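Input: a single structure, listed below in structure tokens.
Proteins get letters first, then strands, A, B, ... in listed order; numbering begins at 1 in each. This is a predicted model, so every value here is computed, not measured.
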There are 2 protein chains.
Amino acid sequence: MDLLSQSKAAPDSNACVVVIDDDAEFRESLGRLLRVVSLQSRTFASVADFLAAQLPDGPTCLILDIRLPGQSGLDFQRDLVTANVKLPIVFMTGYGDIPMTVQAMKGGAIEFLTKPFRDQDLLDAVNVGLARDRARRQNKAASDTLRARFEVLTPRERTILFRVAEGRLNKQIAGDMGITETTVKVHRSNMMKKIKAGSLVELCRMIDRLKVAPDGAETSS
Amino acid sequence: MDLLSQSKAAPDSNACVVVIDDDAEFRESLGRLLRVVSLQSRTFASVADFLAAQLPDGPTCLILDIRLPGQSGLDFQRDLVTANVKLPIVFMTGYGDIPMTVQAMKGGAIEFLTKPFRDQDLLDAVNVGLARDRARRQNKAASDTLRARFEVLTPRERTILFRVAEGRLNKQIAGDMGITETTVKVHRSNMMKKIKAGSLVELCRMIDRLKVAPDGAETSS
DNA sequence: AACGGGTCTAAACCAAGGTTTAAAGTTCGA
DNA sequence: TCGAACTTTAAACCTTGGTTTAGACCCGTT
């Protein structure tokens, strides 16, 4: 969102492609290819090297070789899934087989390319990956601000929030909780202000978003 | 997900596994295996044979050979995706390669098994497929009844429904449409009865479901 | 021409939501 | 112990939502 942010079509200001491959020449070749299409890239020889650096803060796509010194690409993918890190991954390999491919794709890989591959195939996959990560980040950002607002609610305000989201009336909520309707109204009013919901339907959608993405998970198309 | 898993939870009365493979002996062998775990199956030698029959009406999972007389398994998958038929597919093949695998998995396949495979691997995949189809059917059934109710709404009732779902007040809707608040209230009331929404939050969720699944699509986990 | 469905409205009424003011009890940490 | 945050309530008031009754108009079909 800066002054020069994507002049017009420019898909991203700070998108970054991370290449992990143990072949130095190949890494450089990929870096050049990406530069041609105006994509930043950072290259590493191993997973360990990548982990030693820090994650880019913009939309990111991983290009991973399957066979790597130390941890393999597939192992790394499994770790990322376990750690709930949803980086899009494009796999490359010279020595792949079908079970590896299935595992990679089940793990959510964007593409599984066998070397040698056409440059365009890689670029297409990277663009899909970046688009997916962009969408995921926007989604996550929205969920995070929502969660932050939810955190400041008092216990009473939270329970009333959920009752309201169930469609219960103030009167019913008051009965459920053993307090008066006035009190419910006060809590409800404070809750709506804190969570910045302008209407009941807005609140409803906020709640549903909170419930769907309890820890940053999401369903990308 | 073990061999006897059905005996206890009995996940389905009328689940059906459809096997399409040109090897008659193999078909029969699969049929026996499925019968052991109490799964109905129907076998076909080709896609054409399957299409000539009619789709089972319960939860279904397809087991497809890649290489088939006539249309190949991958072609058939592509057609199903195009036709928006979301049957879960488990692929089997004796002569697969990585691009095929990638295409199949991108197309939403549950599994891609290379012959020979372990019985348990197939059964696991079939159970995942059936579970997914079961969930999809439930989802679709709910969306369908909702859509049916939406269809009986008059044009006025529909526009008011959407305005309400945007969080607009009766007064604002009246202003937007150039009619009185009383009229809005009447349409709104009739609309709520016809669509069987007991509260505003219920309506809100109904609308969101209609919008998310405009033609039976859905996001399975 | 008669009928039904859809649209529109007024008037009157009741229920539910929302705000404000003012006050008081609890709990917990500084 | 003091203060801050949380919780609770009454009372009064206003807005919004929802229903009913009764009537009117338009339009297409029978």
Regarding [X] and [Y], does a basic nitrogen lie under 4.0 Å from an acidic carboxylate oxygen?
{"X": "B/K196", "Y": "B/E202", "answer": "no"}
{"X": "B/D75", "Y": "B/R78", "answer": "yes"}
{"X": "B/R136", "Y": "B/D133", "answer": "yes"}

Sequence-aligned protein contact record of nucleotides 10-18 of chain D, with B where the base is within under 4.0 Å of a protein heavy atom and S where only the sugar-phosphate is: BB----SBB

Leading and trailing nucleotides of DNA chain C with any atom under 4.0 Å from heavy atoms of chain B: C/dG6 to C/dA11

Parallel, tilted or perpendicular, as decided by the 30° and 60° cut-offs, for the rings of A/F76 and A/F50: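 Perpendicular, since the angle between the ring planes exceeds 60°.
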
Spacing between A/M177 atom CE and D/dT7 atom C1', to the nearest angstrom: 10 Å

Rounded interatomic separation in angstrom, taking CE from A/M191 and C1' from D/dT7: 16 Å

Stepwise side chain to side chain contact (heavy atoms under 4.5 Å, CB included) check, A/D21 with A/L30: CA-CA 10 Å; A/D21 193 304; A/L30 278 187; 5.6 Å; no

Side-chain H-bond candidate by donor/acceptor type, B/D176 with B/Q172, under 3.5 Å: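 B/Q172 and B/D176 do not have a side-chain donor-acceptor pair below 3.5 Å.
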
Side-chain N or O of A/T154 closer than 4.0 Å to phosphate OP1/OP2 of D/dA5: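 No, outside the criterion.
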
Derivation of the side chain to side chain contact (heavy atoms under 4.5 Å, CB included) call for B/T154 and B/K194: CA-CA 10 Å; B/T154 68; B/K194 284 188 187 175; 3.8 Å; yes

With B/S199 via side-chain hydrogen bond (donor to acceptor under 3.5 Å, both in side chains) - residues at least two apart: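 Result, side-chain hydrogen bond (donor to acceptor under 3.5 Å, both in side chains) vs B/S199: none returned.
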
